[in-house]
Amino acid sequence: MLGVLTLIILQAFFYLYGIAVDRTNISEDVVFEFVPMLFSLKPFVYSYTLVTATFLHLNLMHLFGNLMFFLAFARTLERLFGTLIFMSAYIFIGALAFIGSWLLNPDSVIPIVGSSGAISFLMGVYFVIFPHSKLRLIFTIPPFFKRFWVPAYVYLVFWILLQLYDIFTSTEASSGVAYATHALGFLIGMTCGMTWKELGSDTESKIEKLREST
């Protein structure tokens with residue numbers, strides 16, 4: 001799928017950019033990470049970081065982990081919405097997930113990066129539209145592994161509960177994970193999914209065709 005492939009290439013490119021450039025020096029002149037305090041001071045000036053931060057990752061494991069979740073949901077949603085709508089929603093609506101961490105701690109100077117907020121947005125959309133489809137997961141204890149299928153709603157409900165637990169039992173600063181970004185991205189995705197089902201044209205027939213293949 002063109003949109004999925006393009007987004008993967010962009011994330012890989014910006015990951016390599018992050019290696020080539022020292023991103024530990026945060027200044028008000030050049031910043032691509034989402035920094036809540038800067039956004040609080042100048043929300044219009046730094047609104048672009050909602051998008052740029054989506055394509056940056058801390059390390060290879062961070063990037064790889066996000067891409068695994070991305071591929072689980074993105075291909076089906078691109079087929080449903082079309083490449084243009086899918087990419088636009090991922091980049092511009094999914095990026096709003098960072099607002100979750102800003103609302104939680106608007107004075108934080110800790111940069112936030114990663115596509116997990118936008119991926120959470122995709123998961124929210126998927127949860128609304130394909131709640132009964134099945135996802136294939138792999139459980140591994142090297143050198144053994146087992147593949148198994150679980151309903152999407154079981155996987156997603158477990159993920160929601162995990163996010164809520166972590167939000168109330170730890171802070172983002174101590175855990176290093178932007179749980180509030182994940183939670184808001186998921187809620188935005190659910191809202192967009194419900195809106196599309198109500199207002200989109202010929203939605204039921206499109207959804208039914210894809211349900212048969214998911």
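The closest donor-acceptor contact from the side chain of T52 to the backbone of F32 lies under 3.5 Å. Between the side chain of E33 and the main chain of V113, no donor-acceptor pair closer than 3.5 Å is present. No side-chain donor-acceptor contact under 3.5 Å links Y90 to the backbone of A118. Here the side chain of S88 pairs no donor or acceptor atom with the backbone of I85 at under 3.5 angstrom.
One distance of note links OH of Y15 with NE2 of H57; it measures 10.5 Å at 0.5 Å rounding. Note that OG1 of T54 and CG of L10 are 11.5 Å apart. Values are rounded to the nearest 0.5 Å. Atom CZ of F121 and atom CD1 of I91 lie 11.5 Å apart (nearest 0.5 Å). A distance of 5.0 Å separates CG in N66 from OG in S116, rounded to the nearest 0.5 Å. Taking CZ from F55 and OG from S115, the interatomic distance works out to 8.5 Å, rounded to the nearest 0.5 Å. To the nearest 0.5 angstrom, I99 atom CD1 is 8.0 Å from I188 atom CD1.
Looking at heavy atoms from C-beta onward, L184 lies out of side-chain contact with L96 at the 4.5 angstrom threshold. Inter-residue side-chain proximity for T49 and V35 is flagged as unmet; no heavy-atom pair is nearer than 4.5 Å. Here the side chains of P36 and D107 are not in contact, with every heavy-atom distance at 4.5 Å or above. At least one side-chain heavy atom of S40 sits less than 4.5 Å from a side-chain heavy atom of W102. Within the 4.5 Å cutoff, no side-chain heavy atoms of P106 are placed close to those of M37. The side-chain heavy atoms of F86 and L7, taken from C-beta on, include a pair separated by under 4.5 Å. Between M190 and V125, every side-chain heavy-atom pair lies at or beyond the 4.5 Å cut-off. With contacts defined as side-chain heavy-atom distances shorter than 4.5 Å, the pair Y126/T76 qualifies.
Cluster membership for L71 and L2, using ILVMFWY side-chain heavy atoms within less than 4.5 angstrom, is not shared. L58 and I112 fall within a single hydrophobic cluster, where Ile, Leu, Val, Met, Phe, Trp and Tyr side chains are chained together by heavy-atom contacts under 4.5 Å. Residues I9 and L67 do not share a hydrophobic cluster, clusters being chains of Ile/Leu/Val/Met/Phe/Trp/Tyr side chains in contact below 4.5 Å. F92 and L187 fall into different hydrophobic clusters, where Ile, Leu, Val, Met, Phe, Trp and Tyr are joined by side-chain heavy atoms under 4.5 Å apart, directly or via other members. Note on L77 and L84: separate hydrophobic clusters, where clusters join Ile, Leu, Val, Met, Phe, Trp and Tyr whose side-chain heavy atoms are under 4.5 Å apart, directly or indirectly.
Ring centroid separation for the pair F39 and F34 comes in under the 6.0 Å cut-off. Aromatic rings from F81 and W196 are positioned such that their centres are separated by under 6.0 Å.
Scanning all heavy atoms of the two residues, the minimum distance from A97 to G185 falls at CB-CA, 3.5 Å. Between F69 and F73, the closest heavy-atom pair is O-CD1, 3.2 Å. Closest of all the heavy-atom pairs between A180 and L104 is CB-CD2, 3.9 Å. What you find for I93 and C192 is that their closest heavy atoms are CG2-SG, 3.9 Å.
The other members of the hydrophobic cluster of F64, by chain and number, are M68 (side-chain heavy atoms under 4.5 Å, ILVMFWY only).
No side-chain donor from either of H182 and S120 sits under 3.5 Å from a side-chain acceptor of the other. Residues T181 and S101 have side chains that bring a donor and an acceptor to within less than 3.5 angstrom of each other.
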